[in-house]
Amino acid sequence: MNSKHRKTFDAIFKKPTSGGVVFADIESLVKSLGGDVFEREGSRVKIVLSGQEWRCHRPHPGKEARKYQIEEARELFERAGVKL
């Protein structure tokens, strides 16, 4: 995991939830932790990490994840047992 992934992880777990996390950075973090990102129909993606799944939509037209998506990503990491 590089420093950019660490910053993304810290931003996801920051409280109160901030809205400035780029969705592609979340995908990159998941891949660096050994997870997979599967393309679905349209803007849908399925993210799998340590057997835990998260189905969501990529944000559009912007690139920043919405606050609820950041909170869902946080829940995924917690369920998967990721601690840094």
Side-chain angles (χ1 to χ4, degrees):
M1 174 180 304
N2 62 30
S3 62
K4 185 172 182 178
H5 294 142
R6 179 64 191 193
K7 288 179 184 178
T8 302
F9 186 83
D10 291 342
I12 290 170
F13 279 86
K14 182 179 176 184
K15 298 231 179 155
T17 304
S18 63
V21 180
V22 177
F23 194 82
D25 292 345
I26 296 172
E27 292 178 353
S28 177
L29 173 60
V30 167
K31 289 177 183 178
S32 75
L33 294 171
D36 294 307
V37 178
F38 298 98
E39 302 292 328
R40 310 297 282 183
E41 296 175 2
S43 64
R44 297 178 187 143
V45 291
K46 179 172 87 170
I47 298 175
V48 180
L49 180 63
S50 298
Q52 301 297 315
E53 294 183 5
W54 174 38
R55 289 179 172 89
C56 59
H57 291 258
R58 281 196 180 99
H60 54 81
K63 59 183 180 176
E64 282 87 19
R66 309 287 193 289
K67 288 184 181 185
Y68 76 89
Q69 292 174 315
I70 296 170
E71 291 167 357
E72 289 176 354
R74 182 186 311 144
E75 291 172 8
L76 171 71
F77 291 124
E78 289 172 347
R79 287 192 322 262
V82 176
K83 297 178 185 171
L84 302 179

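Contact of the Pro59 side chain with the Glu64 side chain is not registered, since no non-hydrogen atoms from C-beta on lie closer than 4.5 Å.
Follow the hydrophobic side-chain contacts under 4.5 Å out from Trp54 and you never reach Val22; the two are in separate clusters. Put simply, Val48 and Leu76 are part of two different groups of oily side chains (I, L, V, M, F, W, Y) that touch within less than 4.5 Å, one to the next.
Under the rule for a side-chain hydrogen bond (donor to acceptor under 3.5 Å, both in side chains), the partners of Glu39 that lie at least two apart in sequence or sit in another chain are Arg58. For Ala11, the side chain to side chain contact (heavy atoms under 4.5 Å, CB included) partners are Val21, not counting sequence neighbours. Residues forming a side-chain hydrogen bond (donor to acceptor under 3.5 Å, both in side chains) with Arg55 (at least two apart in sequence, or on another chain): Glu53.
Separating the NZ atom in Lys67 from the CD1 atom in Ile70 is a distance of 8.5 Å, to the nearest 0.5 Å.
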(Q) Let's go through Ile26 and Gln69 carefully: what are the C-alpha distance in whole Å and the side-chain angles of both, what is the deciding distance for side chain to side chain contact (heavy atoms under 4.5 Å, CB included) to 0.1 Å, and is it a yes or a no? (A) CA-CA 10 Å; Ile26 296 172; Gln69 292 174 315; 5.9 Å; no

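Among residue pairs with one or both ends in residues 68-79, none qualify as salt bridge (charged side-chain N to carboxylate O under 4.0 Å, His left out); sequence neighbours excluded. Sorted by first and then second residue, the pairs that involve residues 9-25 and meet salt bridge (charged side-chain N to carboxylate O under 4.0 Å, His left out), not counting sequence neighbours, are Lys4-Asp25, Arg6-Asp10. Residue pairs meeting the ring-ring contact (aromatic ring centres under 6.0 Å, His included) criterion with at least one member in residues 63-84, sequence neighbours excluded, are Phe9-Phe77.
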Identify each donor-acceptor pair in which a side-chain atom of residues 31-38 lies under 3.5 Å from a protein atom, sequence neighbours left out, and give them as a table.
{"residue": "Ser32", "atom": "OG", "partner": "Leu29", "partner atom": "O", "Å": "2.7"}

